[in-house]
Each structure stands twice: as C-alpha cells, then as structure tokens.
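Right, one structure below, let's go through it.
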Amino acid sequence: MKYFIANWKMYVGRADAVMLAEIARAAKTAEGVQTIVCPSFVHIDAVGRVVSGSAVVLGAQDAYFESSGAFTSAVGIKELKELGVSHVLVGHSERRRYFGETDEAVNKKVKAAYAGGLQPVVCVGETEQERTAGQTESRVSAQVRTAFQGVSVKKVIIAYEPIWAIGTGKASSSADARAVHQLIKQIVKETNGSQCSVLYGGSVTPDNMHEFWNTTDIDGVLVGGASARKETLSSLLALLSF
Ligand code: 13P
C-alpha cells in the first residue's frame, strides 16, 4: 500500500476545503494507493460528506489523548471516529513547535489512537540545526523509539518530515530521505516488529513528487501547501493514476 496524505493545515476555509475534497474524490488512483485528506477539525464534517462512499478517507491533524472530560478546545478520538475519521496525524512538527507537544505526549496520543481504533500517522524529523550537527539519526531514532514505547500493534505508519524542508521549497533529496526511512524501518522492526510504512513530507510538489513516489522505502508522501491549492492538488493526484 502507498499513501498520499493531504494535510491542509490551517490553510483553507470551508468552501475551499469542500472544493479540494471534490477534486480528491474525482481523482482516479491506481490500485494499492490510499488517499487520505486531513482538513482542520471544523471542516471534517463537510469534507466527510464529500468523500463519503469514495476511495478517499478522512484524517485529522491531531487528537487529544484523553478520552473525555474538562479539556477545553481539545478534540478526542471518539469524537473524530463519529465523524468518520480513520487516520490521525500525531506529533506533527508544527504541533511540537508551536503547541509544545513532547515526545511523551506523542506516545500517549499514539496509544490513545490505537486504543480508540484510529490509525496514527506519527510525524518525526530533525531541525536544520540538528541536521547540520550530524544529529539526524539520533533525533529521529529518539522520536520513533519514544513514540512507540509500550506499543505493540500490527501496523505502523510514520511520516519522515525534516523540519527544514517543511514549507521552505527545499525538499530533501530522495536518497537522503531513503536513508532515514531505512533507519526508521530498522528501529520499528527491532522494537516493535510491526509492518511499517514510512512516508516522506516536506516541500513535495508536482515537480518532485514522481521521484519520491518511485523511490524504494518511500511508501508515500505527506503533502502540505501543494495539497491545499486546487491546481497543484490536481497535478499531484494525476500522478497517482499509474
Ligand atoms: P509542505 O508540503 O507545505 O512543505 O508541508 C509538509 C507538511 O508539513 C505536511 O504535514
């Protein structure tokens, strides 16, 4: 299975979210390709109505680890499931950076997602500074190990998103990404033994998508900005048809 995940972040209003969902719904994708769209919480219901009954499935951009209670503004797994969500991004670097999400919180969210029947897509990646200091492997390893501590499941999906590549137009090379993907797969094999898919994210565009999509050990892509504009989303989806 290969995954195409569109993370619309906080980029679009309701009308545009619906329009993007219609584009995704209409796209022809080859067998073995799963398209997942992740609108902001407030557009999930509207987008869900558009993709309902199609091959496109719904993802959320985050979820809280507590199941219910006095947690103002938080959204729980059960609430997402009620809206038809099947996947949830966990530990996106923007959550870590702007909302103080720690590796330990990511671990709690991973456990809560599995317990509640959602497939987490765990995001990991190093900063520019860590990369320059030669710490990519140690940082990513630590993130993966902590995220899956005490987790024993059949299927793991991880997105490797180097922070320096997100929204910068400076994508990783497919060879560098592949090396990190191999490391991640090795760690999951040793610690968890699960089937593991690793997606690449960070400045994926219609121009470089083909290369990532066709590189061994890259099991799909997680796309932000280019998935939130109709022209580029259409071009990206067109690449999934063969
Ligand atoms: P961009 O595709 O905008 O670089 O964002 C990547 C990302 O963060 C997806 O989750």
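Start at 1 and go down the list; that is how both ligands and their atoms are numbered. We're numbering straight along the sequence, starting at 1. Side chains are part of it too, since the values below use all heavy atoms of this structure and drop only hydrogens, waters and symmetry mates.
Side-chain atoms of Gln186 and Glu190 form a donor-acceptor pair, as typed in the model, at a separation below 3.5 Å. Side chain to side chain, His87 and Gln34 fail the donor-acceptor criterion of an N or O pair below 3.5 Å.
Cluster partners of Phe99, using a side-chain heavy-atom cutoff of under 4.5 Å among ILVMFWY residues and allowing indirect links, are Tyr98.
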| task | Please assess Lys230 against Met19 for the test side-chain contact (heavy atoms from CB on, under 4.5 Å), listing each intermediate value before the final yes or no. | result | CA-CA 8 Å; Lys230 68 175 179 188; Met19 179 195 62; 3.8 Å; yes
| message | side-chain contact (heavy atoms from CB on, under 4.5 Å) for Trp164 and Thr127? Distances and angles first, verdict last. | response | CA-CA 6 Å; Trp164 48 268; Thr127 62; over 6 Å; no
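Every protein residue with a heavy atom nearer than 4.0 Å to ligand 1 is included here: Asn7, Lys9, His92, Glu161, Ala165, Ile166, Gly167, Gly202, Ser203, Leu222, Val223, Gly224, Gly225.
The two residues Leu222 and Cys123 make their nearest non-hydrogen contact at CD2-SG, 4.0 Å.
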